[in-house]
Number of protein chains: 2
Amino acid sequence: MKASLKDIAKKVGVSTALVSYVINGKEREMRVGEEMVARIKKAARELNYQPNQIAKSLKSGKTLTIGFIVADISNTFFANLARIIEDEAKKSNYTVIFGSSDETPENAWNLMTVLLNRQVDGFIIAPTVNSEAQIKYLQEKNIPFVLIDRYLPDLPANYVALDNYKAAFDAVSLLIRNGRRRIGMVNYDTSLFHLQERSRGYKQALTENKLQVEPVLLQEIRESHLKEDIKEALDSFRALEPPVDAIFFPSNKLTVTGLKYIRDLKLKVPDDIAVVGFDETDAYDLFYCPITYVRQPMAAFGKQAVELLLKNIESNKNITQLNLEATLVVRASSGGMPDK
Amino acid sequence: MKASLKDIAKKVGVSTALVSYVINGKEREMRVGEEMVARIKKAARELNYQPNQIAKSLKSGKTLTIGFIVADISNTFFANLARIIEDEAKKSNYTVIFGSSDETPENAWNLMTVLLNRQVDGFIIAPTVNSEAQIKYLQEKNIPFVLIDRYLPDLPANYVALDNYKAAFDAVSLLIRNGRRRIGMVNYDTSLFHLQERSRGYKQALTENKLQVEPVLLQEIRESHLKEDIKEALDSFRALEPPVDAIFFPSNKLTVTGLKYIRDLKLKVPDDIAVVGFDETDAYDLFYCPITYVRQPMAAFGKQAVELLLKNIESNKNITQLNLEATLVVRASSGGMPDK
DNA sequence: ATTCTTTGCTTAAACGTTTAAGCAAGTGTT
DNA sequence: AACACTTGCTTAAACGTTTAAGCAAAGAAT
């Protein structure tokens, strides 16, 4: 059904080699006769020839394919990233295969081997917890990869991530400038470095402003019991004396879930409680009080990750680690516009 | 670096054929000696053999890959679908390559040929407007595919979609039962059949309840100027005498954008105006008045689409067209709980 | 008239698999 | 002792490309 080089060769009455040269524009170097070039091109057009990329890949060892491994492609954050990576990859004729690890290292490892068997040229990975072995495997085998969003602090590897510390620091500093003194934070109880960095930024902002870093103000909850644990955390915040007057949520899911409960409690944002969230979502606009949030530079993430990866694929360059700056999008929920 | 069948064969001192038989579990049919089987398996383990899927694909003509073509993978609707399709495909050892068409038939066509060159075994497609040629091409070439979410009314092709007519009919009927008499709808000005069906359901609900289907009540706007046009539409609704007392938005973006403007206008939902939206998003929960919406059966969409596609890949079965039922999730925004 | 170059093509091997066909022993049957 | 089966392996071609190497014919140089 589908025409191959052989079909064109037969039709024109020449060898497949000659056809290959012409199709790939090597007619000059290979000194193919003008008339022959025309006949082959004509035949190719008539047969609607489309090269078999699989055969090409087998020969060349390159598939022009990127494996994109994330926690969950249905999470807006990763879905947005996927789109940017797709567009960026397309510019260099790459396509993207994705896989969701659901935050478990086993799934991530399985995904990686599946994609490796499919000979992807490289990976863009948002690593799960306990994925050191996986990353080291890639390094040993010299397989190009770039970590995105998250990274492992002591592993020298390419990554494109946020300056999480500074992002959190700035967010909390804003709340302090707006007069809040009892600032809570609800983070995941996780070993993911980027989330710990956000906690560190929170603490440092308090410290630098001579506020006490009280353990009850930094609640670490289970992702598996997000809804229940967030309620508990907020309840304990309100039970304090004096109660918390501001909350910083360092992820989109935390923010959204937290806001739902705040709405159920009929708390007034920002009067009863100020809020700063993380990541961008429509939900922040629809809340009765527009939410102040930390915006990650998604486009830069995707663009830089692909660029870095492709550079690594074509020549194993040395390691690049990028910590990009977040933007604090200030709106009503953080309580009063900051001076500036 | 990576071990091949040949490496194993060399190490054991046998032919690659024998190794292939053992690796693929054909040792019984092929009467391979017990001791030999053990030696080959051992060598494979020691060399950490992983089959080259590209070579397999070239031989078999099957890539175990599905092409998933959508308007925009960063749209929650498609991102959710992607995740379900991924999981479902994984069960049968398939992987998914995705591509975003941005609603233009040229992009969709290009994507299709790129993926065809990569020899995907089949497609799951949410077709754009004017994609008849593309669909017909697939049919002529006998390439398995399943349309999802959208379909072309007169083209006999597999699809998994919503019963859009009924979903809209039910949504609008609810508003009528709740006492609304001036019900507006804001749809895209598009030839996409599934959206037209939603308009049809709207009109029919009005008609069956002896309400006049006035053109001013059904505004068709440009997706490219979503924000401006929605404002204009809502303004014209409010200028009517008597003004509109309920709005039905037949997509998630329309709903979210509409709600933003409603909030800016400080209209009270549902007292000033009742709202029924489409699709599921966190934003509906965070609005001060929880939004009633039409929930599409995403899991069933994905599951059925993959199932259908795989059935078509292994044996060209006859055409299946599924119109699944939506669920109306009733909350406060539609104005008063319905009787029942 | 012989050799050297250039032109324009072909041959053949390779990428890593799969699989039909073949073949040399050993075993069993008569 | 001759034959047929069975066992356990190998050979070789194929999938659709790419590309180094080779070669015949024509033209140019001596």
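Residue numbering restarts at 1 for every chain, and letters A, B, ... go by the order of the sequence lines. Quick note: numbers below take in every heavy atom, side chains included, and nothing from hydrogens, waters or symmetry partners.
The ring of B/F98 has its center closer than 6.0 angstrom to the ring center of A/F98.
Counting only N and O atoms by type, the side chains of B/Y159 and B/N323 include a donor and acceptor under 3.5 Å apart. Side-chain contact of A/R150 with A/T128: a donor-acceptor pair under 3.5 Å is absent, judged by distance alone. Looking only at atom types and distance, the side chain of A/S74 has a donor-acceptor partner in the side chain of A/D72 under 3.5 Å away. Defined by atom type and a distance below 3.5 Å, a donor-acceptor pair is present between the side-chain atoms of A/T65 and B/R118.
Contact check of residues 110-123 of chain A against DNA chain C (heavy atom, cut-off under 4.0 Å) returns no residues at all. Less than 4.0 Å separates DNA chain D from no heavy atom of any residue of residues 37-47 of chain B.
Proximity of A/N52 to B/Q119: side-chain heavy atoms (C-beta onward) are separated by under 4.5 Å at one or more points. When side chains are defined from C-beta on, A/L309 counts as touching A/I66, because their heavy atoms get closer than 4.5 Å. Between B/I69 and B/F123 there is a side-chain heavy-atom pair separated by less than 4.5 Å. Contact check for A/M112 versus A/L116: side-chain heavy atoms found under the 4.5 Å cut-off.
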Output one line per pair: protein atom, nucleotide atom from nucleotides 22-26 of chain D, and distance, for all N/O pairs under 3.5 Å.
none

Pairs under 3.5 angstrom, nitrogen or oxygen only, protein versus nucleotides 13-19 of chain C, please.
unit_1 : atom_1 : unit_2 : atom_2 : d
C/dC15 : OP2    : B/K6   : NZ     : 3.4
C/dT17 : OP1    : B/Y49  : OH     : 2.9
C/dT17 : OP1    : B/N52  : N      : 3.2
C/dT17 : OP2    : B/L5   : N      : 2.8
C/dT17 : O5'    : B/Y49  : OH     : 3.2
C/dT18 : OP1    : B/N24  : ND2    : 3.3
C/dT18 : OP2    : B/S20  : OG     : 2.6
C/dT18 : OP2    : B/N24  : ND2    : 3.0
C/dT18 : O2     : B/K59  : NZ     : 3.2
C/dT19 : OP2    : B/K26  : NZ     : 2.9

Exercise answer: donor-acceptor pairs, residues 22-35 of chain B side-chain atoms, under 3.5 Å, sequence neighbours excluded:
unit_1 : atom_1 : unit_2 : atom_2 : d
B/N24  : ND2    : B/S20  : O      : 2.8
B/N24  : ND2    : B/S20  : OG     : 3.4

Pair B/L152-B/I135, side-chain contact (heavy atoms from CB on, under 4.5 Å): steps then yes or no
CA-CA 9 Å; B/L152 308 170; B/I135 305 301; 3.7 Å; yes
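Within 6.0 Å of atom NZ in A/K2, more than 12 heavy atoms from other residues, nucleotides or ligands are found, so the atom counts as buried in its surroundings.
Direction change of the helix axis from one end of the helix from C/dA1-D/dT30 to C/dT30-D/dA1 to the other is 70°, with five pairs defining each end axis (rounded to 10°).
A salt bridge links A/R83 to A/D87: at least one charged side-chain nitrogen sits closer than 4.0 Å to a carboxylate oxygen. A salt bridge links A/E86 and A/K90; the closest N-O separation between the charged side-chain nitrogens and carboxylate oxygens is under 4.0 Å.
In this structure, A/E29 atom CD and C/dG8 atom C1' are separated by 15 Å, rounded to whole Å. When the C1' atom of D/dG8 is taken as reference, atom CD of B/E35 falls 12 Å away, rounded to whole Å.
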